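Just so it is clear, the structure is predicted and the values come from calculations on it, not from any experiment. Residue numbers start from 1 in every chain, and the chains themselves are labelled A, B, ... in the order their sequence lines are given, proteins ahead of strands.
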Amino acid sequence: MNSKLSLLLPALLLVAAQAQAADDATVAKGEYLSRAGDCIACHTVKGGQPFAGGLPIESPFGTIYSTNITPSKTAGIGNYTLEQFDDAVRHGERADGSNLYPAMPYPDYSVLSDADVKALYAYFMQGVKAVDKKAPETDLSFPFNQRWGLGMWDLVFGHDDSFEAHSENPFINRGAYLVQGLGHCGSCHSPRGVAYQEKAYDDTDDEFLTGGKVGIWEAPSLRAGSGTGPLVSWDKAEIVDYLANGRNDRTAVGGEMTSVIEHSLSYLTKSDLEAIADYLKSLPGEGQAIMLSVDATEKTATELNSAKVDINSGARMYLDNCGACHFTHGEGAPRVFPQLDGNSLINAKDPSGLIHVILAGARLPSTKGAPEALAMPAFGWRLNDDEVAKLATFVRQAWNNHASVVTAKQVADVRATISAAELNATKPTLN
Amino acid sequence: MARQEKPVDVVLVGLGWTNSIMGMELAQEGLSVLALERGEDRDTVPDFAYPKMADELTYGVRYKLMAKPAKSTITVRHSLVETAVPYRHLGSFLPGDGVGGAGTHWNGHTWRPMPEELELRSYVENTFGKDIIPKDMTIQDYGVSYAELEPHFDFFDKVLGVSGQAGNVNGKIHEGGNPFEGPRSNEYPLPPLKRTLNDDLFTQIAKANGLHPFPLPSSNASAAYTNPYGMQLGPCNFCGFCERFGCLNFSKASPQTCILGALKQHKNFSYRANSEVLKVELADDKKTAKGVTYIDEQGEEVFQPAKLVIVGTFAYNNVRLLLLSGIGQPYDPVSNTGTVGRNYAYQTMGGATLFFKDKFFNPFIGAGSNATTVDDYAINQIDFAKEGFIGGSYLLAAQTNGQPIRSMPLPTGSPSWGAGWKKATKEYYGHSMSISSHGSNMSYRDCYLSLDPNYKDDHGLPLLRLTFDWKDNDIRMTQFMKGKVEALAKGLAPDHLNTSFKDFGAKYDVRPYQTTHNVGGAIMGTDPKTSVLNRYLQSWDVHNVFVLGSSAFPQNLQYNPTMLVGALAYWSAKAIREQYLKKPGPLVQA
């Protein structure tokens, strides 16, 4: 071989390899999009290697384990072509032709643009560290282990449309694209039907984002335009602050949404969060709304300030346990202590989320914009089921709140789901 | 043979206020920064969580958040000829422990020093002449001016979210603030805390006496606040569990509420709790440090290599670490040579309790910095030549708590036990207020810190020995304040008045609590013969060692030290970032 040629050959091979590899900007864009899609939340176990899968996800059909989506050729998706990757992300189809369980929000991701799928592929192939450890197989019982049935599910309940812009305003359309697609907000915030399908995938349907349920947590209606609903009174800046930092002048995040903010939304650019807010503000409000009346607020505040409350009453428990931060007007403090007067978690039809917060406390995520992981301590070690029921009933009916009575049985049911370590984390110990 | 850890750019010894600040500044610079904290890791939840923190016995009396004397303490004596004995039960001062250090259990009094205090010797000599300085008084200038520190006071004000009423903004005097303070470039970030009855009475009598009352500048937040790091404070609810307690309400500025959450976001910052540094290891030529040796959580000895060592432990522990490491020459008061340990000083306190049968103060409504003060008897307001002392005090009427074990003042002469005590307590609980004086303390040739020849800690290393007693100059100062306090107190016509001011011949007593404002021993200055650190808090002897904290004060301010401690940390950090990193070496040529 000509010596010159032998020198040239590896160089040519290198050029060929580079031609196949995506540029850094595409990989970075893919990383950003993976944040928007919150892929890491389901595809990573707590404290585990990013995207190595194995997280158990409870579904009505049984436990589904998330898969390893690192570029490992033995345990992950390292052998996937762009087309195979696309089939999985947008159409719920694995490389072997079988169907994914719709725990993977591919019905939402179907609206993704080709360019975004390409960028995501570039990121997962080039920007993620391969982990050669297989995630546990999902092993559902019959009939849910019949993946062919999922194909039928897709036909009847699925969603496989590309994105349609419905607004003249490009910001609203950008927001719609993020909310309907990667954000897959509807998978929690839209009601689900008999087959666990989202009843609506976009704003052509009035049920879209009118609220849903995630485990014990009620996911409130996100429709924030004129009308009724918990977000209707929030302005754009408050929505953006909440999405970026899990807190705003009125409230603070709790439940499953905490992780969404920590791992996904807090990484989005301000302009994307503003676009999401614009979009939510464009959707006519629909849902339970509480109009705050000063008289109602004052009535409860006067009762609490009088300190003339029965020793075993919910009001007394509020004063002794909650008033230090949330105060007698239930006003809390902007961005630090959530306002309880009119709070959607407190007024949820199912009080389980509220009960969980009282029993186990809650902690805000530390975000770039709001690094302090403000936390409420647990009260489960201190208050028994009957006391929590009284306290929860009090706050659900104090000030302008008007929600149903909470029973000790409901408290016991939630308590049973919380570990002793969590319940007792702030319990005093004798020296 | 000690285990060796992976080298870092910067090792921070201690993780309280000063090293939280330095950690943030140097992490922003992109350096790998590791903090070693001897105590446990602590955060608002779970460690200060409501309601367990509202426990006076555990935290206020048994000092659960403080350093444990059984593990390591100091020894104390009054004079050079005595044998020191260990401080076995905390009393007079309460050294902090754990992440956040004393910054978690302070009251939040947030005073800037007066410009004159930073150049005290020059101020006294130029204003009153050299002759008025007693022969054995060793006061010095800091070597840094108020004007140089002002941007750092201003920034630290914002980090802490100080609640207060400015008195001097860019030279313009503002009504209702401290007219005698140095000029500040901005108002306080938050308005003053709400007032309590004691504030109103004190304001009334102070004004009637021609004085200038104003709300004490407070690091208990008066409203929800977000600081420049994005860290947040909630409004203080006057729970009455502040000093000696971690704040259960995210209301008191602390490293936890103001810095650490933001610092932990820097991937180049890490920290290890339960890691006690025993020694700064020096290179063979003794001119640079190689890192530190510490005992880790499992009790194993570890060598941590680092290019830069920042010593930021509790004031006198900084001095001990320098002595144990052989950095600088130990001070000898007899030959008057050496510097390390020189110019230890404390704080001169006095107070009055006023009892009113017809007034109820709701004392359980309190906050660490809930107070109204006057600064009319400050260092820059007193004619030292005429009064015969050097120093000053601010006077304050504070209502911090109504805790049942320690906050049960009774008129002098009341029985201290039995039925008579019960009767008096029933009659007077909640019927008293206080007026106190918080004063300067000068430094003297024979008040100093050294290694104890007899007592050792649990690692077999010598304890630090404190040699200290009250001097006539400071007694004259506090007796002067006594006259002022009594005049104000009597003006309010209480039914009973207790006073407690040190008198001539008083000996330093480690038992009753006074303040935790121990200063000096590793002082900053302009001359390596009389200071341990240069004006940037850099060791004169080992240029990659910086020592932060009130150990750098050449004598004590009339004020609480935290604001100056923080501002000096920012000042030192600026010098490291802008000068030292570009060209490592002494920043001031001796």
Are more than 12 heavy atoms, taken from residues, nucleotides or ligands other than B:K68, located less than 6.0 Å from that residue's NZ atom?
yes
Suppose a student defines contact as a heavy atom less than 4.5 Å from any heavy atom of chain B. Which residues in residues 306-335 of chain A would they list?
A:D320, A:N321, A:A324, A:C325, A:F327, A:A333, A:P334, A:R335
I'd like to know whether NZ of B:K359 has more than 12 heavy-atom contacts from other residues, nucleotides or ligands below 6.0 angstrom.
yes
Which heavy atom in B:Q232 sits nearest to a heavy atom in A:V336, and how many Å separate them?
NE2-CG2, 3.9 Å
Quick check: are there more than 12 heavy atoms from other residues, nucleotides or ligands sitting under 6.0 Å from NZ of A:K427?
no
Where A:W381 and B:P51 come nearest, the two heavy atoms and their spacing
CZ2-CD, 3.7 Å
At a heavy-atom separation under 4.5 Å, does B:T257 approach chain A through its side chain, its backbone, both, or neither?
both
From the list B:N249, B:L233, B:L263, B:L260, the residue making the most non-hydrogen contacts under 4.5 Å with chain A is B:N249
Would you mind checking which part of B:Q265 comes under 4.5 Å of any heavy atom in chain A, side chain (CB onward), backbone (N, CA, C, O), both or neither?
side chain
May I ask you to name which of B:S251, B:G230, B:A223, B:A224 has the most heavy-atom pairs under 4.5 Å with chain A?
B:G230
Answer yes or no: are there more than 12 heavy-atom neighbours, outside A:D24 itself, under 6.0 Å from its atom CG?
no
Non-hydrogen contacts under 4.5 angstrom with chain B: give the residues of residues 365-374 of chain A involved, or none if there are none.
A:S366, A:T367, A:K368, A:G369, A:A370, A:P371, A:E372, A:L374
Run the side chain to side chain contact (heavy atoms under 4.5 Å, CB included) check on A:T426 and B:Y50 step by step: do they pass?
CA-CA 8 Å; A:T426 61; B:Y50 182 80; over 6 Å; no
Sub-4.5 Å heavy-atom contacts with chain A: which residues of residues 38-49 of chain B show up?
B:D43, B:V45, B:P46, B:A49
Could you name the residues of residues 248-260 of chain A that have a heavy atom within less than 4.5 Å of a heavy atom in chain B?
none
Quick one: what part of B:F238 sits under 4.5 Å from any heavy atom of chain A, side chain, backbone, both or neither?
neither
